[in-house]
Amino acid sequence: MSRKPVVLVTGANGEMGHGLIHRLANHNGFDILALDIRELDADIAPLCVATIVGDILDRRLLERLVSEFEIHAIFHLAALLSTRAEFTPETAHEVNVQGTLNLLGLAVEQSRWHGQQVKFLFPSSIAAYGLPTLDAKHEAGRVIENDWNMPTTMYGCNKLYCEHLGRYFTHHYRQLAAESDLQGVDFRSIRFPGLISAFTLPSGGTSDYAPEMIHAAAQGQSYTCFVRADTRIPFMAMPSAIGALLDLMNAPAEALSTHVYNIGSFNPSAGEFAELVRGIFPDADINFESDTKRQAIVDSWPEDVDDTLARQEWGFRPRYNLTQAIEDYLLPNIRQRYT
Ligand code: AKB
């Protein structure tokens, strides 16, 4: 009985899953197996060869996947984001860490079956950083991958640890076994900044204020921003993020010196972003009322990232700078969405 060769996307119904599935199906011609805890939205379900509603913590479900599909790459997007994770840290740890462990195990299992490495694409985050004070944040400026890895959130700790798990599975998994599984998994990860999509709104993150601000303005709703106007972290338009994930996937292994890469695009302060939004939606009613606790999380994230490695090793270039992101991507698509 032959099994169907596919690319598995977990968290397929989330923000990034939507964009990724469109790109994978329309430009790359992959057969997609989509997994999500919720039923897949009608716009992306037809783009997949199979959709499964289920939990990445359900090992039986994952075993069933092994018997039905031949998985050659995994985009493991399912996660509880930083704000939501702080309400239920233990659950977040299970979903974010145990879920990733289960998927890495599935990748090893799959590579045993078809004899090829399974590429494992993992969206990490600027939440993996933790800067202790605002002064340290300003002084640090553009941070490199290995500096300031002291996250203050469960989500950030989970992401940082999963980056290490991926490295472990690629190079050291079962290193003492007579026949080791070395090289079964090819783990590649990007530390994403806050993402802004024209088509979907994030839920449960702490960088959500920027997308929320522009989507609220487009709908004529007032918005109270939960961080100070001078708050600065890096952001990126969703198509740049999806493009980067695919570029990293396609990069030749010999070109890569590490498993984890920063990428950046623009980093306006919340106040500067509000000004830009007011520039395109003159009636936008945006106020600032800092929520001390969520503010502290964003203050611990870097104000910018150094993405030299990604640029040098696999040719990363953001598709949009801030002006292009607003004028060419966000504005036309958001307008169309709400009219
Ligand atoms: C969040 O806010 O939790 C995410 C992230 C920065 O990874 N958007």
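First listed ligand is number 1; within each ligand, the first listed atom is number 1. Values below: every heavy atom of this structure, side chains too, minus hydrogens, waters and symmetry copies. Because the structure is a prediction, the values reported are computed rather than measured.
There is a side-chain donor-acceptor pair under 3.5 Å between Tyr261 and Glu313. Between His215 and Tyr338, the side chains place a donor N or O and an acceptor N or O closer than 3.5 Å (distance only, hydrogens not considered). Counting only N and O atoms by type, the side chains of Ser82 and Thr206 include a donor and acceptor under 3.5 Å apart.
Regarding atom 8 (N) of ligand 1, its nearest protein heavy-atom neighbour is Ser207 OG, 2.9 Å. The single protein non-hydrogen atom nearest to atom 2 (O) of ligand 1 is Thr206 N, 2.6 Å, given as residue, atom name and distance. What sits closest to atom 3 (O) of ligand 1 on the protein, heavy atoms only, is Ser82 OG, 2.5 Å. For atom 6 (C) of ligand 1, the nearest non-hydrogen atom of the protein is Ser125 OG, 3.5 Å.
Polar contact check, Trp301 against ligand 1: no nitrogen or oxygen pair lies under 3.5 Å apart.
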List the steps, then state whether salt bridge (charged side-chain N to carboxylate O under 4.0 Å, His left out) holds for Lys137 with Asp135.
CA-CA 5 Å; Lys137 171 170 168 148; Asp135 283 345; over 6 Å; no
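For the pair Arg191 and Tyr129, the cation-pi test (distance below 6.0 Å, angle within 45°) is passed.
Counting heavy atoms under 4.0 Å from ligand 1, residue Ala127 does not touch it at all.
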